[in-house]
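The structure under discussion appears below in the form of structure tokens.
Heavy-atom basis, side chains included; hydrogens, waters and symmetry copies ignored.
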Amino acid sequence: MNHLVIMAGGIGSRFWPMSTPQCPKQFVDVLGCGRTFIQLTVDRFKGVVPAENVWVVTSEAYRDIVAEQLPDMPKGNILLEPCRRNTAPCIAYVSWRIKLKDPKANIVVSPSDHLVLNVPEFQRVISSALQYASETDAIVTLGMKPTRPETGYGYIQTDLSAACERNKEIFRVDAFKEKPDLKTAQEYVKKNNMLWNAGIFVWNINTIINALRVYAPQINGIFEGMQNVLGTKDEQAAIRERFPQCENISIDYAILEKADEIYCFPASFGWSDLGTWGSLRENTVQDAGGNAVIGSNVKLYETKNCVVHVAQERRVVVQGLDGYIVAEKDNTLLICKLSEEQRIKEFSAE
């Protein structure tokens, strides 16, 4: 059976004042469509993964908000981390829970807060990758075809000279590249084999468990040794005790950069990690002045290249701005230059 793992433990507040550490981006209706990011993530997997096989790994602090926003998901499929230890422990924990339930599971791991515009193509790619993972020992990562020299993403260097025999859309990975500077990113875009790393992974349960045993034995040993309590009433107490002992490391460093059978599925389905106000503006319908507006009672005059997000149906009138963020929520109003949005964390801390 196919399973979906949604990693939803992030505490980012880059969309402050909309998102905060108490209610981070994945639980916010950033797009103004009536659905939060984590709800949209679950939505796009319908028909690919049965509802009972959807898992969310999140912080203990977000248990109630996950249960509220995903009321149809089995409560036992919400796994709670007592502290942050990056993605490798997260994936090891949920992998052992899934293995005990379904020893032949095929799994797709997805972030909870990304944007996908072409859902049918996304579903086609995911279904194809799951089929390939079920037939092989491959770890498959999705690579997004770049549309600009982006410095905020890692890249996957892919060998496009020969496709895999079982799936002509999948190719071997040569190397993973860190987030580049602008000059390097410009060089990457000129090459058709350098793809954005979307952080979406597909594998069979035995493939990832074997990789954890070989390349991350410290982390794997913690969860393999907990098999007798996983899925029982004693699980959370044991997790509170043992989870903090895990090495703090990403799945990229722990597994992907070490293992041999790593493959990439180049894809294009309107993907963005939507990590900035600027990217929200780029991925939202704009008016003739290049303004992206989310809110039903907004009037703009002599204003261009702005993003306006009004969460609580206030009347907003903006005149004479060029390249600004205007955002309001819970009696907090942000007016900030788009070119200086990296300072929002500084503002939100005050």
Side-chain angles (χ1 to χ4, degrees), residues 4-7 41 44-45 48 87-88 91 106-181 184-204 207-208 211 250-275 279 282-283:
L4 166 63
V5 171
I6 301 175
M7 296 183 291
T41 301
R44 73 176 67 109
F45 281 94
V48 179
T87 54
I91 288 171
N106 300 305
I107 301 170
V108 53
V109 178
S110 171
S112 58
D113 56 357
H114 290 184
L115 174 69
V116 169
L117 296 177
N118 189 341
V119 173
E121 174 63 8
F122 172 83
Q123 293 179 333
R124 185 194 72 81
V125 169
I126 293 295
S127 297
S128 179
L130 282 164
Q131 181 64 34
Y132 183 76
S134 73
E135 300 169 347
T136 67
D137 295 329
I139 290 174
V140 181
T141 181
L142 268 55
M144 302 297 103
K145 297 171 183 176
T147 57
R148 62 185 181 276
E150 177 60 58
T151 60
Y153 300 154
Y155 286 71
I156 305 169
Q157 182 176 329
T158 308
D159 179 6
L160 299 177
S161 62
C164 297
E165 288 188 10
R166 287 180 178 268
N167 189 318
K168 299 304 181 183
E169 293 184 278
I170 295 177
F171 304 84
R172 186 177 288 276
V173 170
D174 282 340
F176 290 90
K177 301 292 185 180
E178 298 291 335
K179 297 176 183 178
D181 57 28
T184 304
Q186 290 170 337
E187 291 299 316
Y188 284 171
V189 171
K190 295 176 183 177
K191 304 174 181 179
N192 67 348
N193 70 325
M194 301 299 294
L195 307 168
W196 289 338
N197 188 347
I200 301 172
F201 312 113
V202 181
W203 46 53
N204 179 267
T207 299
I208 190 60
S250 71
I251 196 68
D252 302 68
Y253 285 128
I255 303 292
L256 301 186
E257 296 192 0
K258 298 175 182 177
D260 293 326
E261 298 297 308
I262 308 296
Y263 294 85
C264 181
F265 196 131
S268 181
F269 41 67
W271 172 88
S272 172
D273 78 343
L274 221 63
S279 64
E282 292 170 4
N283 287 281

key: Qualifying residue, where the test is side chain to side chain contact (heavy atoms under 4.5 Å, CB included) with Ile200 and the options are Ile126, Val125, Val109   = Ile126

key: Closest approach of Leu195 to Asn192 (non-hydrogen atoms, all atoms of both residues)   = CD2-O, 4.2 Å

task = Would you indicate whether the side-chain heavy atoms of Leu256 and Ile139 approach each other to under 4.5 Å?
result = yes

remark   = Smallest heavy-atom separation, Pro266 atom then Glu169 atom, equals CD-O, 3.2 Å

ask   = So how far is it from Thr207 OG1 to Phe201 CZ, rounded to the nearest 0.5 Å?
value = 14.5 Å

inquiry  = If you count every heavy atom of other residues, nucleotides or ligands that lies below 6.0 Å from Phe176 atom CZ, does the total exceed 12?
reply    = yes

ask   = Are Met144 and Phe269 close enough that some pair of their side-chain heavy atoms sits under 4.5 Å apart?
value = yes

inquiry  = I need the minimum non-hydrogen distance between Tyr253 and Lys258, along with the two atoms involved.
reply    = O-CE, 3.4 Å

ask   = Rounded to the nearest 0.5 Å, how far apart are CG of Leu142 and OG of Ser268?
value = 11.5 Å

note = Output for pair (Ile91 CD1, Ile251 CD1), nearest 0.5 Å, gives 4.0 Å

inquiry  = Can a side-chain donor-acceptor contact be found between Ser128 and Asn167 if the only test is distance below 3.5 angstrom?
reply    = yes

ask   = Without hydrogens or angle criteria, can the side chains of Tyr263 and Arg172 be said to hold a donor-acceptor pair below 3.5 Å?
value = yes

inquiry  = Contact between Cys264 and Phe171 at the side-chain level, heavy atoms closer than 4.5 Å - yes or no?
reply    = no

query = Side chains of Asn283 and Leu117: does their closest heavy-atom pair fall under 4.5 Å?
reply = yes

note = Taken in chain and number order and not counting sequence neighbours, the residues that satisfy ring-ring contact (aromatic ring centres under 6.0 Å, His included) with Phe45 are Phe122

ask   = Is the shortest heavy-atom distance from the side chain of Val48 to the side chain of Leu130 under 4.5 Å?
value = yes

task = Kindly determine whether Gln157 and Asn193 satisfy side-chain contact (heavy atoms from CB on, under 4.5 Å), including the steps that lead there.
result = CA-CA 6 Å; Gln157 182 176 329; Asn193 70 325; 3.8 Å; yes

key: Any donor-acceptor N/O pair, Thr158 side chain to Leu160 backbone, under 3.5 Å   = no

ask   = Between Tyr153 and Asn197, do the side chains contain an N or O donor and an N or O acceptor separated by less than 3.5 Å?
value = no

request  = Look at the rings of His114 and Trp271 and say which category their plane angle falls in: under 30° parallel, 30 to 60° tilted, over 60° perpendicular.
outcome  = perpendicular

From CG (Asp174) to CD1 (Ile262), nearest 0.5 Å = 12.5 Å

query = Ignoring hydrogens and geometry, is there a side-chain-to-backbone donor-acceptor pair from Thr151 to Pro180 under 3.5 Å?
reply = no

task = Check Ile156 against Gly143 and note the closest heavy-atom contact, atom names and distance.
result = CD1-CA, 4.1 Å

Heavy-atom side-chain proximity of Thr87 to Met7 below 4.5 angstrom = yes

key: Heavy-atom check, side chain of Asp273 versus side chain of Pro111, under 4.5 Å   = no

query = If you round to the nearest 0.5 Å, how far is CD of Glu150 from OG of Ser279?
reply = 8.5 Å

note = Nearest heavy-atom approach of Lys168 to Ala163 is O-CB, 3.3 Å

key: Approximate separation, where rounding is to 0.5 Å, of Thr41 OG1 and Ile6 CD1   = 5.5 Å

note = salt bridge (charged side-chain N to carboxylate O under 4.0 Å, His left out) pairs touching residues 153-165, sequence neighbours excluded, are none

inquiry  = So which atom in Tyr155 and which in Arg148 form the shortest heavy-atom distance, rounded to 0.1 Å?
reply    = OH-O, 4.2 Å

task = Report yes if some heavy atom in the side chain of Val5 is under 4.5 Å from a heavy atom in the side chain of Ser110; otherwise report no.
result = no

